[in-house]
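Written out below as structure tokens is the structure these notes cover.
This structure is a prediction, so every number in the text was calculated from the model and none was measured. Values below: every heavy atom of this structure, side chains too, minus hydrogens, waters and symmetry copies.
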Amino acid sequence: RAHTIRRKKNKSDVTMKVLSAINSYSRDEIGHIVVEVALNKSDENVTHHVKLANQAADVLKTALYQKIIRPSESNPERLTLHVQITQCSDGGRIGRRCCGGVSIGWAVLFLNWNLSDDEIEEIVIGPETEHFRDSGTIGIADICGHNLGDNFVLGMAKDSGPNAISEKIDKAFQNE
């Protein structure tokens, strides 16, 4: 079976919440990124999920800086990207092996985010939600590897999350 990463289709994929205030900003004014772990109740009670979410937050923040921040001496850094990790799970090997085709055992990473001007406390884009699930592949690594689900989550934090957020930010500023 092929490796699958699924982005959940939701309202934010169709309609992005962009305030008219975006016209007074430029894409190059994004200068700060804040990533927080704010897990739901079921995840915050699982020590491994909390540890994994904190690792994912570090990876996500680094990837977002590389993807989104465009240093410029001529533009002020007025905008801050706020991201919260609200759900983070490595899934389960047995579930992926037996029922992966029906989304059981998948690694999960859910993000809430917005872009704001913190100085005047105004949200420019958002709030938005991104849902990522990764089924992985069924093979020797899934049978023998103990941290495969962790790797899936960290991969989503490094690639899928920053790419989705960056695409939406770019789209919002193209339409300004």
Leu52/Cys88 under side chain to side chain contact (heavy atoms under 4.5 Å, CB included): CA gap, chis, key distance, verdict: CA-CA 7 Å; Leu52 181 58; Cys88 183; 3.7 Å; yes
Interatomic spacing from CG in Leu115 to CD1 in Ile123 - rounded to 0.5 Å: 9.5 Å
Gap separating the CE atom of Met156 from the NE2 atom of His131, nearest 0.5 angstrom: 12.5 Å
For Thr62, side chain to side chain contact (heavy atoms under 4.5 Å, CB included) partners two or more places apart: Gln66
Atom pair CD1/CG of Ile33 and Leu60 - distance to nearest 0.5 Å: 8.5 Å
All side chain to side chain donor-acceptor pair (under 3.5 Å) counterparts of Lys61, not counting sequence neighbours: none
Side-chain donor or acceptor of Asn163 paired with backbone N/O of Asp159 under 3.5 Å: yes
Electrostatic pair Glu128:Lys168 at N-O distance under 4.0 angstrom: yes
Shortest non-hydrogen contact from Ser166 toward Arg27: OG-NH2, 4.2 Å
Gln87: partners by side chain to side chain donor-acceptor pair (under 3.5 Å), with sequence neighbours left out: none
Phe152 versus Ala107, closest heavy-atom pair with distance: CB-CB, 3.7 Å
Distance-minimising heavy-atom pair for Ala53 and Ile85: O-CD1, 3.6 Å
Chi angles and distances behind the side chain to side chain contact (heavy atoms under 4.5 Å, CB included) call for Phe173, Glu29: CA-CA 11 Å; Phe173 280 103; Glu29 291 179 298; over 6 Å; no
Partners meeting side chain to side chain donor-acceptor pair (under 3.5 Å) with Thr47 (sequence neighbours left out): none
Single-linkage hydrophobic cluster Val34~Ile68, side-chain heavy atoms < 4.5 angstrom: no
From Ser89 atom OG to Arg133 atom CZ, the distance as rounded to the nearest 0.5 Å: 10.5 Å
Trp113 and Gln84 side chains, donor-acceptor separation under 3.5 Å: no
Salt bridge (charged side-chain N to carboxylate O under 4.0 Å, His left out) involving Asp28 - partner list, sequence neighbours excluded: Arg70
4.5 Å side-chain heavy-atom contact, Leu81 and Ile169: yes
Inter-residue atom distance Ile30.CD1 - Thr80.OG1, 0.5 Å rounding: 9.5 Å
Heavy-atom closest pair, residues Ala164 and Glu130: CB-OE1, 3.8 Å
Side-chain donor-acceptor pair present, His82, Asp118, cut-off under 3.5 Å: yes
Stepwise side chain to side chain contact (heavy atoms under 4.5 Å, CB included) check, Asp90 with His48: CA-CA 9 Å; Asp90 58 335; His48 182 70; 3.5 Å; yes
Nearest non-hydrogen partners of Asn114 and Pro127, listed with the distance: CB-CA, 4.1 Å
Path from Val108 to Val46 over hydrophobic side-chain contacts below 4.5 Å: no
Full working for side chain to side chain contact (heavy atoms under 4.5 Å, CB included) between Leu79 and Tyr25: CA-CA 8 Å; Leu79 300 176; Tyr25 299 99; 3.6 Å; yes
Rounded distance [0.5 Å steps], NE2 in His32 versus CD in Glu77: 5.0 Å
Cluster link Leu111 to Val50, ILVMFWY, side chain under 4.5 Å: yes
Residues forming a side chain to side chain contact (heavy atoms under 4.5 Å, CB included) with Asn151, sequence neighbours excluded: Asn147
